S.K.: 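Please see the structure below; I have some questions.
Each residue takes its place number in the sequence, starting with 1. These numbers come from a predicted model, not from an experiment. Note that these values count all heavy atoms, side chains included, but never hydrogens, waters or copies made by symmetry.
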Amino acid sequence: MNKKSIILVIVLVSIAFIGLMSIQVYWIRNAMYVKQVAFDQKVIEALSNVVLKLDILEKEAELKEKNDFISSNPGRFNYLDLDSKILELKKLGTRSDFDQFNRNLKLTEEMFDVLMNKRITKTIQERIDQAVLDSLIDVELQHRGIRIAFEYGVFNITGNKMVYQKTGKYPSRLLNNKLSYSCGLFPSPSRKSTNFLIIYFPFRRNFLLWQMASLLIVSLVLVLTIIFAFFYTVSTVFKQKRLSEMRNDFINNMTHEFKTPISTISLACEALKDKDIAKTETLFDNYIGIINEENGRLKSMSEKVLQTAIIEKGELRLREEWIDLEELIRDAVKKIKMQVERKNGRILLDLNTKGVKLKVDKMHFTNVILNLIDNANKYNLNEPEILISTEEVDSEGVNIMVQDNGIGISKINQKKIFDKLYRVPTGNIHNFKGFGLGLNYVKAIVDKHKGQISVNSELNKGTTFVIFMPFGDLKQ
């Protein structure tokens, strides 16, 4: 898949994702609106019931007061049941009885007038017990599933003041019609209410969101899953594309690397078979030396590929033994010293770990040192100067440092140099050969020995690799 196709797929998936998100947001907003409408309706019903119950409680109090008044005047109110008394008067049909009825009726009306006047003259504070009001509101809201903190107040229009408040924390919000709910107290067909019961919910939005928690959580999980899947897919596509390019680069490099020694061996063999060339002992020794050297190169390159494959499969088994660290480093330097000297370079040693022995796989750990020296020699446009030093880090372990004066590595590439098949881009310089396996192998072996490797480098200022090997049971 080429780059344009990948970008097209990303754009299409992004558009589809944005569309899906828009639909999701639209349905969530609708669901939120439905929840809010239902909440508003429940609150209004609760307030209406509270007002009704307050009215009933007041009428019950008036009825009790009327009954007490009648009980204290038993001879004056024998005709309160007007309908039954009218029927009785019709049966009697006497003038005296009718006059008595009128007198009793006149007294009954006077009594009601007294009671009504008392109701009118009472203040709202006298007509409502705040404890009862608080209890009624709480019961009605709880009954409708509204179990959140609320603030209420009783507002008097005539006096333009708040008569009652639950806590007094939200006076301005209680009077805000968009935030609060209100209902007239003691409504009457003959006159408008002058007192209003108002209620406000400070945490209404949180309550509604909590009621939708399951929907929001499911939506969030789905959205995050889609986002993760999208980015994982895109990253996988780019990773596969990069891996494909690296494999192609690896195959090209490997073909080139193998082709050179094979060609050299082929030419040496042809020269030895050529009857026109005089066969002397010196000639034989030279050509056989070339063949052996190139064969060694082929073997070394093959080993790198095979070792990487073994490590990747997890089949690498270490043959650990107690090795003198400084002796191992000196042996590795002897093996590669000639290659460095061919470029007029030199290897310097500053070893400060005399007598320190580590339990390591001698072959693989030697290869680690060789790979680092080889890189320091290879990636250098000057005469290589390579410093290998060691030092003990308190009683925790030992540092092995390989420092060079080469081309250096940028900060961005430093994060990738240990990846398999990764080769640092060298621009227009094509003198650096390799498979991109060396540092990956180095890190794998160091990790296998429970060590750590790090790099410190600047472009055109050289590179320093630091291997830290903890003592643990690795020191003798």
Side-chain angles (χ1 to χ4, degrees), residues 250 254 295-340 347 349-378 386-404 417-422 434-455 463-476:
F250 167 74
M254 187 174 66
N295 186 57
R297 284 182 62 190
L298 287 172
K299 182 179 178 182
S300 175
M301 289 185 290
S302 301
E303 281 294 326
K304 281 186 179 181
V305 176
L306 291 173
Q307 287 168 358
T308 304
I310 290 171
I311 292 171
E312 190 175 25
K313 291 180 181 179
E315 297 176 354
L316 178 65
R317 297 290 181 269
L318 298 178
R319 296 179 180 178
E320 296 178 329
E321 55 183 306
W322 291 105
I323 301 293
D324 185 284
L325 177 60
E326 292 191 3
E327 184 180 334
L328 183 146
I329 292 173
R330 293 181 193 278
D331 288 343
V333 169
K334 287 179 183 178
K335 291 180 181 179
I336 201 169
K337 185 177 182 181
M338 188 176 295
Q339 293 183 27
V340 177
I347 301 175
L349 298 178
D350 181 20
L351 308 179
N352 301 290
T353 50
K354 188 175 181 179
V356 173
K357 292 185 177 181
L358 299 179
K359 192 176 184 181
V360 296
D361 185 301
K362 183 178 181 180
M363 181 192 75
H364 286 295
F365 209 78
T366 300
N367 287 338
V368 166
I369 305 299
L370 288 173
N371 270 282
L372 294 178
I373 299 174
D374 183 56
N375 278 352
N377 182 52
K378 185 190 300 180
I386 303 167
L387 173 63
I388 303 174
S389 56
T390 60
E391 63 178 6
E392 288 194 46
V393 183
D394 298 328
S395 58
E396 298 178 2
V398 60
N399 278 339
I400 305 168
M401 291 154 286
V402 180
Q403 181 180 351
D404 64 58
I417 58 174
F418 297 110
D419 294 348
K420 184 181 176 183
L421 301 181
Y422 183 79
F435 299 155
L437 299 176
L439 290 178
N440 177 261
Y441 167 78
V442 167
K443 188 175 190 309
I445 296 302
V446 172
D447 289 345
K448 196 77 173 176
H449 284 88
K450 299 179 182 179
Q452 299 173 3
I453 184 168
S454 59
V455 61
T463 302
T464 301
F465 284 94
V466 181
I467 298 173
F468 172 73
M469 296 294 292
F471 283 142
D473 58 351
L474 301 179
K475 182 182 178 182
Q476 189 178 49

S.K.: side-chain hydrogen bond (donor to acceptor under 3.5 Å, both in side chains) with Asp331: which residues, sequence neighbours excluded?
M.R.: none
S.K.: Can you tell which of Met469, Glu320, Glu321, His449 makes a side chain to side chain contact (heavy atoms under 4.5 Å, CB included) with Leu358?
M.R.: Met469
S.K.: May I ask you to check whether Tyr441 and Asn371 show a side-chain donor-acceptor distance below 3.5 Å?
M.R.: no
S.K.: Search all heavy atoms of Leu349 against all heavy atoms of Ile329 and return the closest pair with its distance.
M.R.: CD2-CG2, 4.2 Å
S.K.: Provide the closest heavy-atom pair for Gly451 versus Pro470 in the form atom of the first, atom of the second, distance.
M.R.: CA-CD, 3.8 Å
S.K.: For the CD1 atom of Ile388 and the CG atom of Leu372, what is their distance to the nearest 0.5 Å?
M.R.: 8.5 Å
S.K.: How far does CG of Leu325 sit from CZ of Arg330, to the nearest 0.5 angstrom?
M.R.: 10.5 Å
S.K.: List for me each residue that meets side-chain hydrogen bond (donor to acceptor under 3.5 Å, both in side chains) alongside Ser389, sequence neighbours excluded, and say none if there are none.
M.R.: none
S.K.: Can you name the residues that form a salt bridge (charged side-chain N to carboxylate O under 4.0 Å, His left out) with Asp350, not counting sequence neighbours?
M.R.: none
S.K.: Could you measure the distance from the NZ atom of Lys450 to the CZ atom of Phe471? Nearest 0.5 Å is fine.
M.R.: 16.0 Å
S.K.: Heavy-atom distance under 4.5 Å between the side chains of Phe365 and Leu328, does that happen here?
M.R.: yes
S.K.: To the nearest 0.5 angstrom, please state how far the CD atom of Gln403 sits from the OG1 atom of Thr463.
M.R.: 9.5 Å
S.K.: Determine whether Ile400 and Val368 make a side-chain contact, defined as any pair of heavy atoms from C-beta on separated by less than 4.5 Å.
M.R.: no
S.K.: For Glu326 and Thr353, indicate whether the former's side chain and the latter's backbone hold a donor-acceptor pair under 3.5 Å.
M.R.: yes
S.K.: Taking the side chain as every heavy atom from C-beta outward, state whether Thr366 and Lys335 have any pair of such atoms under 4.5 Å apart.
M.R.: yes
S.K.: Are any of the side-chain heavy atoms of Val398 and Ile467 separated by less than 4.5 Å?
M.R.: no
S.K.: Once you round to the nearest 0.5 Å, how far does NZ of Lys443 lie from CD of Gln452?
M.R.: 9.0 Å
S.K.: Within a strict 4.5 Å, meaning less than it, do heavy atoms of the Ile347 and Ile336 side chains meet?
M.R.: yes
S.K.: Got Asp447 and Phe418 here, is their nearest side-chain heavy-atom distance under 4.5 Å?
M.R.: no
S.K.: Once rounded to the nearest 0.5 Å, what's the spacing between atom CD1 of Ile445 and atom CG of Asn440?
M.R.: 10.0 Å
S.K.: What pair of heavy atoms forms the shortest contact from Arg319 to Asp361, and how long is it?
M.R.: N-OD2, 2.7 Å
S.K.: If every non-hydrogen atom of Ala332 is compared with every non-hydrogen atom of Leu370, which pair is closest and at what distance?
M.R.: O-CD2, 3.2 Å
S.K.: Kindly write out the residues that satisfy ring-ring contact (aromatic ring centres under 6.0 Å, His included) with Phe465, not counting sequence neighbours, or none if the list is empty.
M.R.: none
S.K.: Please name all residues satisfying side-chain contact (heavy atoms from CB on, under 4.5 Å) with Val466, sequence neighbours left out, ordered by chain then number.
M.R.: Asn399, Met401, Ser454, Thr464
